[in-house]
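Just so we're on the same page: letters track the sequence lines, and every chain starts at 1.
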Amino acid sequence: MKSWLTGWGNTAPGLTTVVNIGELDQESWSEKGTVIARGFGRSYGDASYTSGGRTVQMSGLDKSEFDFASGTVLAEAGASIEQLISRYLPLGYFVPVTPGTRFVSVGGAIAADIHGKNHHKHGTFGLNLASMTVQTPVGTFVTSDSELRELHWATIGGMGLTGVIRDAQIKMSAVETSKIAVDTYRISNIHDLMQKMRLLDEVKTYSVAWIDTLASGDSLGRSVLTAGEHATISQLSKSDQDNPLSVSQVQRVAMPSWVPSKVLNKHTVSIFNELWFRKSPKFRQNELQSISKFFHPLDGVKSWNNVYGRSGFVQYQFAIPDSSEDFVVSALEKFSKYQCPVFLAVLKRFGEQNQGMLSFPIKGWTLAIDVAADFPNLQLILNELDDELVNRGGRIYLAKDSRMKSIHVAQMYPLIEDFKQIRSRFDPNGLIQSNLSRRLNI
Amino acid sequence: MINSFGDPQNVLLIGGTSEIGLAIVSELAESGAMQNVVLAGRSEIRLIECKNELLIRHGDLSVSVSELDMMDTGQIAAKISSLFDHCEFDLVILAAGMLPSNNSAMKDSTLTIETAKTNFLGPLEAASQSLIRMMSQGHGVILNISSIAVVRARNDVAIYGASKVGLDYWIEATGSSLENSGVRMVNLRPGMVRTKMSSGLKEPPLTINPEDVASAARSGLNSSKSTIWAPKGMLIIGLLLKILPRSILRKLK
């Protein structure tokens, strides 16, 4: 059945035939047309569908099993982070890495090699795998750091382009409670923010800053910084101590699909940002927050991406090494100068890079910004930023990209040729393609 | 492959020295999405000149030239296919054309047939193969530079008009069957445009420049229209031309 699919940004629709994984046996690889797997479609651009080909819907494949001896979960690729949390947090185990939404599949988490607020301490999702199973046109293989390691590290961060991930063994983190003890700081400018975040690297597991990008001048980069640790039982209130691992169901309201695209404009966003900034305490320590509140605040609004209306939106997320951290300031200055109505921007720290050839994080910083796709001249503004980003040793996150130029890929991801070689061994006829790989010539 | 802003990344201009075609490419390149352009045409020297002019305005583009002669009917499909083997085109612009003096063509059947091949058969073969490849890609737009002349038979552009009518009809008819394919075909119908091809001809009211055609093309491509008029007012002129009796039209001239 042919369907028009998009990513989370609701842009660049592609007409594709949606199939179940059961329809993709080894024989049907050789049918004409390209193939790509899709989880929940939470990548922002065009990574999870292929025009004119077959998009394999994985979300039904969601079984999982916990092994107490090794503290690992063997999960099918369509299982979501939400399912892993609701199934195993009550047993005292949390996912090693969670992104800003729980509605991401295990396959997607590996393919995008997702990071969370704790990258500087625990790395990416892909770094926390014991092994996985990948189905390719030439066969199905179990990979790990010691077994078929080239395919393993090509698949981690490989945007689904080495094959269909079938399942993975995930090393879970033992936790005492389902709460996070959170410190909150209201920060008045970007320089103070970056200094504070660098200091917190050593002492806090989780940290993230939400920046008001409309603030300028001395207030450029004014933000709310939150940093947290998994709460211990002794930190809980007496009544919560009886049930320290309780996970409550999150109430979700739905953003309607008919929201007109100009709801988020410079005026409404600046009012929102002002209220939100003022509401935050100057400093608060050890506040207990639920997992959903700390990690997944936007999940409370189902289909929040609809707030951008029909023309959709673009997320610009880059990683930059510590030595080029002034680029973060340049980027904020540029968005402020053009008065892009950005609905909050997120700054995180990154620790060491892993061996994933297309894995996004490099030691330094990452800034993620959402902008409405119909903002005038946005393409040119972002192209200018990319030109500078590439010269400063940075890269764009492929899981968020919907518009960068293919010529920048090789400079951003120097191992791209190694990646392509490994890919061609397991997919000699180039069947596995997404609109992303076709757009960027990956 | 289009990006989130909807602008084409890879463009094939058939009739690679066409002023209108190049103006459209240049206009679309302004937004910053375009990366690869192939200029396909008859004269390699002229194509390279046009490539260099395009690069002066848009230094970031990767522009290549390819020899393709609309008179080579029967050979064109294979050449188009091989261009598509190297690049997934988001947009193919059919801009090849010639406007012979009608008096000369009436006395020279070779010239008449040459016009038919250049304006109709050649581009038809190119468009037909482009359509096949785009259907397999699951996406793409074919933009035909048609003309107001298709609306009503006129004696001073008999063979030009006839050849434009054939292609325009095919584009419109085939285009209307493409609903579930991801592919789109569009007729762009300008009135009189100031180009080398029309130089020396009398300028009627509403004569425009190639840049104006390009601007109309850009808005039209961003909509879901299957026919674009340039300027917009040409739609009314077209309707009038279609319905007015010949005796009145002759008097209006």
Task: Heavy-atom proximity to chain A below 4.5 Å, by part of B:Ser31 - done: both

Open item on the list: Atom CZ of residue position A:Arg392 - does it have more than 12 heavy atoms of other residues, nucleotides or ligands inside 6.0 Å?
Closed with: yes

Task: Value rounded to 0.5 Å, distance of SG in B:Cys50 from CG in B:Leu39 - done: 7.0 Å

TODO: Between chain B and each of A:Thr11, A:Val314, A:Thr34, count heavy-atom pairs under 4.5 Å; write down the option with the most.
DONE: A:Thr11

Open item on the list: Using a 4.5 Å heavy-atom cutoff, which residues in residues 435-442 of chain A come close to chain B?
Closed with: A:Asn435, A:Arg438, A:Arg439

Solution key, residues 61-71 of chain B side-chain donor-acceptor pairs under 3.5 Å, sequence neighbours excluded:
from: B:Asp69; atom 1: OD1; to: B:Met71; atom 2: N; distance (Å): 3.0

TODO: Kindly compute the distance separating CZ (A:Phe375) from CD (A:Gln339), expressed to the nearest 0.5 Å.
DONE: 8.0 Å

Task: Heavy-atom check, side chain of B:Val38 versus side chain of B:Leu13, under 4.5 Å - done: no

TODO: Could you check if a side-chain atom of B:Ile228 sits within less than 4.5 angstrom of a side-chain atom of B:Asn187, using non-hydrogen atoms only?
DONE: no

TODO: Please look at B:Asn10 and chain A and tell me whether the side chain, the backbone, both or neither of the residue comes under 4.5 angstrom of a heavy atom of that chain.
DONE: neither

Open item on the list: Can you tell me how far apart CG (B:Leu12) and CD1 (B:Ile142) are? Round to the nearest 0.5 Å.
Closed with: 10.0 Å

- [ ] Could you check if a side-chain atom of B:Val92 sits within less than 4.5 angstrom of a side-chain atom of B:Val141, using non-hydrogen atoms only?
- [x] no

Task: Heavy-atom pair count under 4.5 Å with chain A, highest-scoring of B:His139, B:Met135, B:Gln35, B:Glu30 - done: B:Gln35

- [ ] Determine whether the side chains of A:Thr366 and A:Gln317 contain a donor N or O and an acceptor N or O closer than 3.5 Å.
- [x] yes

Task: Contact check, side chains of A:Asp374 and A:Tyr308, non-hydrogen atoms, under 4.5 Å - done: no

Task: Short N-O contact, B:Glu27 and B:Arg57, less than 4.0 angstrom - done: no

TODO: Verify, without hydrogens or angle tests, whether B:Ser147 (side chain) and B:Val150 (backbone) share a donor-acceptor contact under 3.5 angstrom.
DONE: no

- [ ] Please list, in residue-number order, every residue in residues 73-90 of chain B that has a heavy atom less than 4.5 Å from any heavy atom of chain A; write 'none' if there are none.
- [x] B:Glu88

- [ ] Determine which residues belonging to residues 401-413 of chain A lie within contact range of chain B, meaning some heavy atom pair is under 4.5 Å apart, and list them by number or answer 'none'.
- [x] A:Ser402, A:Arg403, A:Met404, A:Lys405, A:Ser406, A:Ile407

Task: Side-chain heavy atoms of B:Leu143 within contact of B:Arg184, under 4.5 Å - done: no

Open item on the list: Within the 4.5 Å heavy-atom criterion, are A:Val18 and A:Lys2 side-chain neighbours or not?
Closed with: no

Open item on the list: Is there a side-chain contact between A:Leu378 and B:Phe5 in this structure, where contact means two heavy atoms from C-beta onward sitting under 4.5 Å apart?
Closed with: yes

